[in-house]
Amino acid sequence: MVKVLFFARLRQQLGTGEVRLENFSGSIAALRDALCDQNPAWRAHLCDDNIRTALNQELVATDCAVAGGDEVAFFPPVTGG
Amino acid sequence: MVKVLFFARLRQQLGTGEVRLENFSGSIAALRDALCDQNPAWRAHLCDDNIRTALNQELVATDCAVAGGDEVAFFPPVTGG
Amino acid sequence: MSSFDRIIVCETPFDVAAEYAALQRGACADGACAMFVGSVRDFNAGNGVTQLALEHYPGMTEKSLAGIIADARARWGLGRVHVIHRVGAMQVNEEIVFVGVTSPHRQAAFAACQYIMDRLKTEAPFWKRETVHAEDGASEERWVDARASDTAELEKWA
Amino acid sequence: MSSFDRIIVCETPFDVAAEYAALQRGACADGACAMFVGSVRDFNAGNGVTQLALEHYPGMTEKSLAGIIADARARWGLGRVHVIHRVGAMQVNEEIVFVGVTSPHRQAAFAACQYIMDRLKTEAPFWKRETVHAEDGASEERWVDARASDTAELEKWA
């Protein structure tokens, strides 16, 4: 099982902060595509080039491989400080 | 009359913090030489290249002209902060 | 994480005076202390701001800040490094972020403080949503957009 | 001198917490505040320091600081600029200098704070004399030597 989190504006656009995927294996990009296939309305928001990705709470590129037990997060550019 | 001030290590080396010169006119360098002619033991300290000069409380080069009523100061490199 | 690091992510206001006191406690070897405080401004992008809310990614936030501090320690000889960041709802003029760094050397303290802020602004998972006065007098909530200038600032540390 | 400048040269300890509060008072437009605090270190050039005395050039000190602040204002858009400097006798761990700058922009606040410190270190007429433990256990007074590195730091502002 892979835990997928969404934050901030993206969380509001998708209408959810968390989904779980069973039996997924592949890259973060493949995971994102799988989510958009399940929810076509998400594509415009989730596939935006500005969206950042984290794997197990570290910023990574979308070609990183995801395994069972991982936590993946998608979010807009950060605006803290 | 020109008021001449010395600070910090230089003040201790010369043994005084202030002297007054009557009827002086010329550059700061000339004023310094006049002081060393009057007090030969001062030359080693006052003519050191490291000594900074101020005219009327502003850092200046030694070719600046001094006039009656001016305040001239000599001091080592500053070490505040 | 060094025992001289302090990372706090909190929902309640923090006290800059107490943070300074904590930084200085027993730090006799460190003559230099550089600090930065970011506060809620009352104006942004042409509108009056009345309130700010900060969302974050619990867990990753602390991990991200710890990594930034570790990288700063690898670059400069530092004493204490304290980073405090508010989350949740805030009012105008309240403090959002505090970064305090001590060092035996002034340049190291300044550089590390600025480095931590520059990386925090572009990497630490915080998002601001502000409540502004709209033109018709009503209140409106909006997510704050990231600034390209914050990313550009990172280049000086490359 | 701007009405948002504060220059204090004092013989008694100052309170960093009060200085921060004064900087922030009513400064709603300025989201950024950068500060630097220099304290008496307990070690310098291989000897334990027990006390420090600061001599200055009354009149020129204030004039010099006001000139440095004016130059900083000409370079960056700044809100409040406060510079406090102790003179006279001081103990280890006491604060010598405080520079605090507010600005709408983080980079301007950092740059101006560092610029003011760099110029203060090389131009403002203060001289340190420290009391150190000599090798034979006796106390010894000595004037602190200027550092070439402080002059080198000025080049980045040229």
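Sequence lines set the chain letters: A, B, ... in the order given, protein chains first and strands last, and positions in each chain run from 1.
We find the CG-CD distance between D/Asn93 and C/Gln24 to be 6.5 Å, quoted to the nearest 0.5 Å. Put simply, CE on D/Met35 and SG on C/Cys113 are 9.0 Å apart, with the number rounded to the nearest 0.5 Å. From C/Glu95, atom CD reaches atom OH of D/Tyr20 across 3.5 Å, with rounding to the nearest 0.5 Å. Put simply, CZ on C/Phe36 and SG on D/Cys33 are 8.0 Å apart, with the number rounded to the nearest 0.5 Å. Taking CD from C/Glu153 and CD from D/Gln107, the interatomic distance works out to 3.5 Å, rounded to the nearest 0.5 Å.
Put simply, the side chain of C/Lys121 reaches to within 4.5 Å of the side chain of D/Arg106, judged on heavy atoms.
Among D/Asp118, D/Asp150, D/Ile96, D/Val101, the residue making the largest number of heavy-atom pairs under 4.5 Å with chain C is D/Asp118. Contact count against chain D (heavy-atom pairs under 4.5 Å) is highest for C/Ala34 among C/Gly100, C/Ala109, C/Ala34. Of the listed residues (C/Pro104, C/Ser149, C/Ala21), the one with the most heavy-atom contacts under 4.5 Å to chain D is C/Pro104. Your options are D/Ser39, D/Gly38, D/Ala17, and the one with the most heavy-atom pairs under 4.5 Å with chain C is D/Ser39.
If you measure heavy-atom distances from C/Asn44 to chain D, you find no contacts under 4.5 Å at all.
Sparse packing is recorded around CZ of D/Arg147, with 12 or fewer heavy atoms of other residues, nucleotides or ligands lying under 6.0 Å away.
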